[in-house]
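Remarks on the structure that follows.
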Amino acid sequence: MSPDLLRNVVDALPSGELERKLATGRPLRVKLGVDPTSPDLHLGHTVVLGKLREFQDAGHKVVLIIGDYTARIGDPSGRSKERPAASGEEVDANAKTYQAQAFRILRDDPDSLEVRFNSEWLDMPMESLFRLARTTTAAQVLERDDFAKRFKANEPISLLELLYPLMQGYDSVAVKADVELGGTDQKFNLLLGRDVQRAYGLPEQAVLTLPLLVGTDGVKKMSKSLGNYVGVTDPPDEQYGKTLSLPDEAMGEWYRLLLGRPPDTGASPRDAKRTLAREIVARFHGPEAATAAEAHFDRVFVQRQAPEEMEERTVDGVDNELVHLPAVLSDAFGLSRSEARRLIQQGGVRLDDEVVAQPDVAAAALDGRVLRAGKRRFVRLRLRAAV
RNA sequence: GGCGGGAUUCCCGAGCGGUCAAAGGGGACGGACUGUAAAUCCGUUGGCUCAGCCUUCGAAGGUUCGAAUCCUUCUCCCGCCA
């Protein structure tokens, strides 16, 4: 087999299974399931998607399952009210953007890609659900590490959550998956998919798990809720800056998982990271955007200057009339006036390069100047004579 | 069905009649520093017409000079026993 398909793979289970399937010579159906609970993909998702792409390139067929049904039910994980079930429109919209973003990595052609929605088969009669539910015991599901922990700690586990792995397994039945991919956290679910397939008299899928990419904090896995992610659709400047904030220790892993190669041996950490950031931006926005993002970063964060382009804000007032800056800041950056006042007190507000000491400033002193809050927020002021 | 525990500011979590806009941690934000939006250190973190005032502690009532803290009802959540 092509050794490439196992590059970066953590588990390939059962051992030798993928090889046996590849040896048949027929194109394999390689499944990935995603719940469109959030519209945005981040770099962590691209690790698995990249592997799918390798399968496509090797002549296999990727079956991308959009979990519109599972997402609609909503993640039931305890915790009262915070996660309401996504509405139908939301899910549909997310599914669309999700696909569009996934196609930045996957090849979008009917021979090597099939996109399915699991509402197609999961919206099933009770009777069918019973059949599915009979395939697995409570003990089996409770073995899963996170359930086991919660169970032990007397934390709530809803029945619906227990059903989740089964539904995911049924997806494999419905699309007759030969292989299913997922992050290492999916190992249990992927393996359970085999049991479900067997119960339905189908050949069992091979299971491949891929490493979870650490987030920009270098410690926890990348996830939107932890805020340590670099989004596929983030603007170039954001992608570049977020990547540079990655701790040096995590750089090797990002190189391996995202670029498929180690950092240049001669390069300093600084340069290696800049290269990494540039390549990431280039992948999603093109090389020119990458160059521009780097220039922007140097200008704003290394040289501490205002960016070349920024939004403008009109301020009413003439001559020596005093303008209340907290109001302007609040308007421009969405702060409350109290927050803005505190910012000023803390020396976090500048006009051009001068720290603003007083909340009220003469109107004449504002026109054309750059109002800056902290390191990252800028706005150019334009004076307009009050009517 | 019975018994018990709980709902606090962005999150977790202390408070259990006044000294509470409410400890502590996380996060976020600002400052210093830096190759960095990292790390570290310092500070801030309900709103406002800001030395004062207003609105918060699941909801609605009540007791009290005074309630996040006590009482009543309600809503929701969790565990245990069956």
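On a predicted model such as this, the values are computed, not experimentally measured, just so you know. All heavy atoms count here, side chains included; hydrogens, waters and symmetry mates do not. All chains are named by letter (A, B, ...) in the order of the sequence lines, taking the proteins before the strands, and each is independently numbered beginning at 1.
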TODO: Can you figure out which of B:rG47, B:rU34, B:rA32 approaches the side chain of A:Arg304 most closely?
DONE: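 Given the options B:rG47, B:rU34, B:rA32, the side chain of A:Arg304 is closest to B:rU34.
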* Consider the side chain of A:Phe297, meaning its heavy atoms from C-beta on, and name the nucleotide among B:rA38, B:rA37, B:rU49 that approaches it most closely. =>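 Of the candidates, B:rA37 comes closest.
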ask   = Looking at A:Arg342 and A:Glu339, does any basic side-chain N land under 4.0 Å from a carboxylate oxygen?
value =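 Answer for the salt bridge query: no.
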Write down the distance between [atom1] ([X]) and [atom2] ([N]), rounded to a whole number of angstrom.
X: A:Leu343; N: B:rA28; atom1: CG; atom2: C1'; answer: 12 Å
X: A:Lys375; N: B:rG35; atom1: NZ; atom2: P; answer: 14 Å
X: A:Ile280; N: B:rU36; atom1: CD1; atom2: P; answer: 19 Å
X: A:Leu276; N: B:rA38; atom1: CG; atom2: P; answer: 17 Å
X: A:Glu339; N: B:rU9; atom1: CD; atom2: C1'; answer: 14 Å
X: A:Arg270; N: B:rU34; atom1: CZ; atom2: P; answer: 14 Å
X: A:Lys220; N: B:rG26; atom1: NZ; atom2: P; answer: 11 Å
X: A:Arg299; N: B:rU36; atom1: CZ; atom2: C1'; answer: 18 Å

Name the nucleic acid region contacted by [X], choosing base, sugar-phosphate or nothing; use a 4.0 angstrom heavy-atom cut-off, strictly under.
X: A:Asp217; answer: nothing
X: A:Gly241; answer: base
X: A:Asp237; answer: base
X: A:Arg376; answer: base

Do other residues, nucleotides or ligands put more than 12 heavy atoms under 6.0 Å from A:Asp367 CG?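 Yes, because the 6.0 Å sphere around CG of A:Asp367 holds more than 12 heavy atoms from other groups.
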With a 3.5 Å limit on both atom pairs, tell me what [N] is paired to, counting Watson-Crick and G-U wobble, or say none.
N: B:rC80; value: B:rG2
N: B:rG43; value: B:rC29
N: B:rA7; value: B:rU75
N: B:rG24; value: B:rC12
N: B:rU69; value: none
N: B:rG52; value: B:rC48
N: B:rU19; value: none
N: B:rC57; value: none

[N] and [M]: how far apart are their [atom1] atoms, nearest whole angstrom?
N: B:rG17; M: B:rC70; atom1: P; value: 7 Å
N: B:rA67; M: B:rG61; atom1: C1'; value: 14 Å
N: B:rG6; M: B:rG13; atom1: C1'; value: 13 Å
N: B:rU9; M: B:rA23; atom1: C1'; value: 13 Å
N: B:rC11; M: B:rC57; atom1: P; value: 14 Å
N: B:rC29; M: B:rC78; atom1: C1'; value: 35 Å
N: B:rC54; M: B:rG5; atom1: C1'; value: 35 Å
N: B:rU44; M: B:rC10; atom1: C1'; value: 15 Å

Note to self: With nearest nucleotide decided by heavy atoms, which residue, A:Leu335 or A:Lys242, maps closer to the 5′ end of RNA chain B?
What the structure shows: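 The residue whose closest nucleotide sits nearer the 5' end is A:Lys242.
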In terms of the nearest nucleotide of RNA chain B, which residue is placed more toward the 5' end: A:Gly227 or A:Ser338?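 Its nucleotide being nearer the 5' end, the pick is A:Gly227.
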Using a cut-off of strictly less than 4.0 Å, decide whether [X] has a side-chain nitrogen or oxygen near OP1 or OP2 of [N].
X: A:Thr216; N: B:rA38; answer: no
X: A:Arg372; N: B:rG31; answer: no
X: A:Ser336; N: B:rG47; answer: yes
X: A:Arg377; N: B:rC29; answer: no

Any donor-acceptor N or O pair under 3.5 Å, side chains A:Asp195, A:Thr136: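 A:Asp195 vs A:Thr136: no donor-acceptor pair found between side chains.
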- [ ] Measure distances between side-chain N and O atoms of A:Gln346 and base N and O atoms of B:rG31, and say whether any donor-acceptor pair falls under 3.5 Å.
- [x]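 Flag unset: no donor-acceptor pair detected.
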Q. So A:Glu180 and A:Gln186, side-chain hydrogen bond (donor to acceptor under 3.5 Å, both in side chains) or not? Walk me through it.
A. CA-CA 10 Å; A:Glu180 179 165 7; A:Gln186 286 290 310; over 6 Å; no
query: Does A:Lys375 count as lying over the ring of A:Phe301, i.e. NZ or CZ under 6.0 Å from the six-ring centre, within 45 degrees of the axis?
result: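 Geometry flag: not set, cation outside 6.0 Å or 45°.
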* Determine whether A:Val230 and A:Phe284 make a side-chain contact, defined as any pair of heavy atoms from C-beta on separated by less than 4.5 Å. =>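 They are not in side-chain contact.
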When clusters are formed by joining ILVMFWY residues with side-chain heavy atoms under 4.5 Å apart, either directly or through shared neighbours, do A:Leu244 and A:Met251 land in the same one?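 As far as the 4.5 Å side-chain criterion goes, A:Met251 and A:Leu244 are not connected within one cluster.
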Taking A:Asp11 for the side chain and A:Thr184 for the main chain, is one N or O donor matched with an acceptor at less than 3.5 Å?
->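 Side chain of A:Asp11 to backbone of A:Thr184: no pair is present.
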